[in-house]
Amino acid sequence: MFAAILTILCGTSIMTSCGGDDDNPVVTPVKQKKNYFPSWNNCEALTALQDYVKDVTDPQSPNFISEEDRIATFDMDGTFVGELYPTYFEYNMLEYRALDDPDYRDKAPEDVREAAQNIRDFVRKGTALPSHFDMKHARAAAKAYAGMTLAEFDAYVKAYAATPANGFFGMTYGESFYRPMLEVFEYLKDNGFTYYVVSGSDRFICRALVESIGIPSNRVIGMDVMLVSSGQGEEAGVNYTMGKEEYLIRTDSLLIKNLKTNKVLQISQEIGKVPVLSFGNSSGDCPMHNYCLSNGRYRTAAFMLIADDDVRDHANREKALKLGAQWREAGYYVISMCDDFKTIYGPKVQKANFTFPADE
């Protein structure tokens with residue numbers, strides 16, 4: 001008899017003999033360590049994330065966090081979905097809805113058309129958006145889709161998302177996910193984290209977009225408009241009994257624009273726990289990050305992604321680098337799209353010049 005170890009590479013497993021005799025070794029699989037981050041370069045932010053997760057998931061660590069408290073929050077636009085093609089998805093969709101959609105453009109209210117034109121001028125002429133345009137857009141968007149059922153709105157979002165992403169070859173709007181950030185989702189899930197999307201975009205837009213990457217709708221927090229039952233009319237919901245045959249409809253009443261501190265308020269109300277991890281890309285995410293870092297019970301970390309890659313994406317590199325320095329000073333880890341990502345959208349996607357349909 002002799003001690004024999006037989007290793008056979010088979011997919012992601014190694015076959016190793018353990019026991020048996022020389023002629024008939026007992027072969028058992030030994031699982032290889034999974035490579036979670038094939039789209040990343042070695043970098044400070046990724047090392048920090050892996051060190052953090054290893055620490056807080058180790059039962060022997062003084063920083064151990066039980067699974068029910070491993071809560072991570074993610075902004076959407078610019079954090080794991082492209083936003084510079086040439087601007088936010090929901091801005092692009094409103095521009096189309098009010099100015100190009102043949103079923104709506106002729107009946108769009110003046111303020112909705114004005115907001116859409118502001119977006120078009122910003123994109124095509126470089127005209128600055130009006131002050132507090134986020135709120136102007138939110139109110140216009142509430143009106144633009146009022147009267148749609150939730151199913152109709154979901155189908156509308158997905159239909160627009162299936163169109164080619166302006167400024168790129170080989171990608172639709174609905175495919176414009178940052179591949180490296182999708183790998184972060186998988187890594188956190190396999191390590192017992194529950195992650196939520198906390199976005200300034202419409203909740204139902206976010207739900208329609210992230211469905212394809214497996215994020216459940218009940219883990220999406222976003223801008224909200226008031227919903228009513230189809231038979232409710234002007235009667236208050238507290239006084240009305242919805243029938244079995246009824247369905248929900250969007251109204252033009254804006255409830256909340258989920259930006260800045262509103263993100264914190266919504267996290268508290270809907271999740272009921274203070275996150276331990278937070279991911280964002282802009283000043284609108286600072287309150288969410290600070291809320292996470294204020295968690296006095298557990299070790300925490302916050303990450304800011306900067307759009308500093310003007311070769312593979314549409315970016316203002318100078319502005320992004322200044323923001324990176326600002327975020328580091330604030331105590332956040334910085335993820336550089338230029339330096340840290342081997343690919344952004346995948347090897348088949350290429351940056352292109354913006355192209356616009358001819359005005360009719």
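Every value quoted in this text rests on a predicted model; they were computed, and no experiment measured them.
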*Asks:* Is there side-chain contact between Met181 and Phe74, with heavy atoms separated by less than 4.5 Å?
*Replies:*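 Result yes, sub-4.5 Å side-chain heavy-atom pair found.
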*Asks:* Under 3.5 Å, is there a donor-acceptor pair between the side chain of Gln350 and the main chain of Phe169?
*Replies:*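 No.
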*Asks:* What I want to check is whether the side chains of Ser61 and Asp55 have a donor and an acceptor closer together than 3.5 Å.
*Replies:*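 Yes.
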*Asks:* Does a donor on one side chain and an acceptor on the other come within less than 3.5 Å for Asp69 and Tyr298?
*Replies:*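 Present: a donor and an acceptor within the cut-off.
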*Asks:* Does Ala208 offer a backbone N or O that forms a donor-acceptor pair with the side chain of Glu211 under 3.5 Å?
*Replies:*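 Absent.
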*Asks:* Is it true that a side-chain atom of Arg312 and a backbone atom of Lys342 form a donor plus acceptor pair closer than 3.5 Å?
*Replies:*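 A pair under 3.5 Å: yes.
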*Asks:* Using the rule ring pair (Phe, Tyr, Trp, His ring centres under 6.0 Å), only one of Phe193, Phe177, Phe80, Tyr178 pairs with Phe185; which is it?
*Replies:*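 Among the candidates, only Phe80 passes.
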*Asks:* So if I apply the ring pair (Phe, Tyr, Trp, His ring centres under 6.0 Å) rule between Tyr91 and each of Phe133, Tyr96, Phe122, which one comes out positive?
*Replies:*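 For Tyr91, the ring pair (Phe, Tyr, Trp, His ring centres under 6.0 Å) check succeeds only for Phe133.
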*Asks:* To the nearest 0.5 angstrom, please state how far the CZ atom of Arg139 sits from the NZ atom of Lys257.
*Replies:*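 One finds 11.0 Å between CZ of Arg139 and NZ of Lys257.
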*Asks:* Leu94 and Leu129: same hydrophobic cluster, using ILVMFWY side-chain contacts below 4.5 Å?
*Replies:*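 In one cluster: yes.
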*Asks:* Under 4.0 Å between a side-chain nitrogen and a carboxylate oxygen: does that hold for Arg317 and Asp309?
*Replies:*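 Here Arg317 does not pair with Asp309 in a salt bridge, since their nearest N and O are not under 4.0 Å apart.
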*Asks:* For the residue pair Tyr332 and Asn290, confirm or rule out a side-chain donor-acceptor distance under 3.5 Å.
*Replies:*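 A pair is found: one side chain offers a donor N or O, the other an acceptor, under 3.5 Å apart.
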*Asks:* A cation-pi test, strictly: NZ or CZ of Arg250 under 6.0 Å from the centre of the six-membered ring of Tyr145 and no more than 45 degrees from its axis. Yes or no?
*Replies:*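 Relative to the ring axis of Tyr145, which defines the angle, Arg250 lies outside at least one limit.
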*Asks:* Will you find, in the side chains of Asn41 and Asp340, an N or O donor that is under 3.5 Å from an N or O acceptor?
*Replies:*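 Absent: no donor and acceptor within the cut-off.
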*Asks:* Look at the side chain of Lys273 and the backbone N and O of Glu68, then say whether any donor-acceptor pair between them is shorter than 3.5 Å.
*Replies:*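 Present.
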*Asks:* Within the distance-only criterion (no hydrogens, no angle test), does the side chain of Lys351 pair as donor or acceptor with the backbone N or O of Asp313 below 3.5 angstrom?
*Replies:*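 Yes; at least one donor-acceptor contact below 3.5 Å.
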*Asks:* For the residue pair Arg97 and Tyr156, would you count it as a cation-pi contact if the rule is NZ or CZ under 6.0 angstrom from the ring centre and within 45 degrees of the ring axis?
*Replies:*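 Geometry flag: set, cation within 6.0 Å and 45°.
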*Asks:* Backbone N or O of Ala115 within a donor-acceptor pair of the His137 side chain at under 3.5 Å?
*Replies:*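 Checked: no pair found.
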*Asks:* Tell me whether Gln117 contacts the main-chain N or O of Glu114 through its side chain, where contact means a donor paired with an acceptor under 3.5 Å.
*Replies:*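 Checking the backbone N and O of Glu114 against the side chain of Gln117, no donor-acceptor pair under 3.5 Å is found.
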*Asks:* Is there side-chain contact between Met337 and Ile306, with at least one heavy-atom pair below 4.5 Å?
*Replies:*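 Result no, sub-4.5 Å side-chain heavy-atom pair not found.
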*Asks:* Do NZ/NE/NH1/NH2 and the carboxylate oxygens of Glu270 and Arg219 come within less than 4.0 Å?
*Replies:*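 Arg219 and Glu270: not salt-bridged.
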*Asks:* Do Asn92 side-chain atoms and Thr87 backbone N/O form a donor-acceptor pair below 3.5 Å?
*Replies:*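 Yes; judged by distance alone, with no hydrogens or angles, the pair exists.
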*Asks:* Any chance the side chains of Ser199 and Asp75 put a donor and an acceptor closer than 3.5 Å?
*Replies:*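 Result is no, nothing qualifies.
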*Asks:* Given 3.5 Å as the limit, does a donor-acceptor pair link the side chain of Asp310 with the main chain of Asn316, or not?
*Replies:*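 No, because the side chain of Asp310 does not come within donor-acceptor range (under 3.5 Å) of the backbone of Asn316.
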*Asks:* Taking the side chain as every heavy atom from C-beta outward, state whether Ile249 and Leu227 have any atom pair closer than 4.5 Å.
*Replies:*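 Ile249 does not reach Leu227 side chain to side chain.
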*Asks:* Could you check, using the six-membered ring where one of them is a Trp, whether His314 and Phe168 have ring centers closer than 6.0 angstrom?
*Replies:*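 For His314 and Phe168, the ring centres are under 6.0 Å apart.
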*Asks:* Go through the steps to decide whether Leu277 and Ile71 satisfy the test side-chain contact (heavy atoms from CB on, under 4.5 Å), and finish with yes or no.
*Replies:* CA-CA 7 Å; Leu277 275 176; Ile71 304 297; over 6 Å; no
*Asks:* How many angstroms lie between CH2 in Trp327 and OG in Ser282, if you round to the nearest 0.5 Å?
*Replies:*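 Answer for the CH2-OG pair, Trp327 versus Ser282, is 6.5 Å.
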*Asks:* Working note: Val198 + Ile267, criterion side-chain contact (heavy atoms from CB on, under 4.5 Å); need CA distance, chi angles, decisive distance, verdict.
*Replies:* CA-CA 8 Å; Val198 184; Ile267 289 168; 4.1 Å; yes
*Asks:* Checking Arg207 side chain against Val220 main chain: does a donor-acceptor pair fall under 3.5 Å?
*Replies:*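 Checking the backbone N and O of Val220 against the side chain of Arg207, no donor-acceptor pair under 3.5 Å is found.
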*Asks:* Regarding Tyr173 and Asn166, do their side chains bring together a donor and an acceptor under 3.5 Å, going by distance alone?
*Replies:*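 No - no donor-acceptor pair under 3.5 Å links their side chains.
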*Asks:* Once rounded to the nearest 0.5 Å, what's the spacing between atom CD of Glu44 and atom CG of Asp339?
*Replies:*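 Answer for the CD-CG pair, Glu44 versus Asp339, is 11.5 Å.
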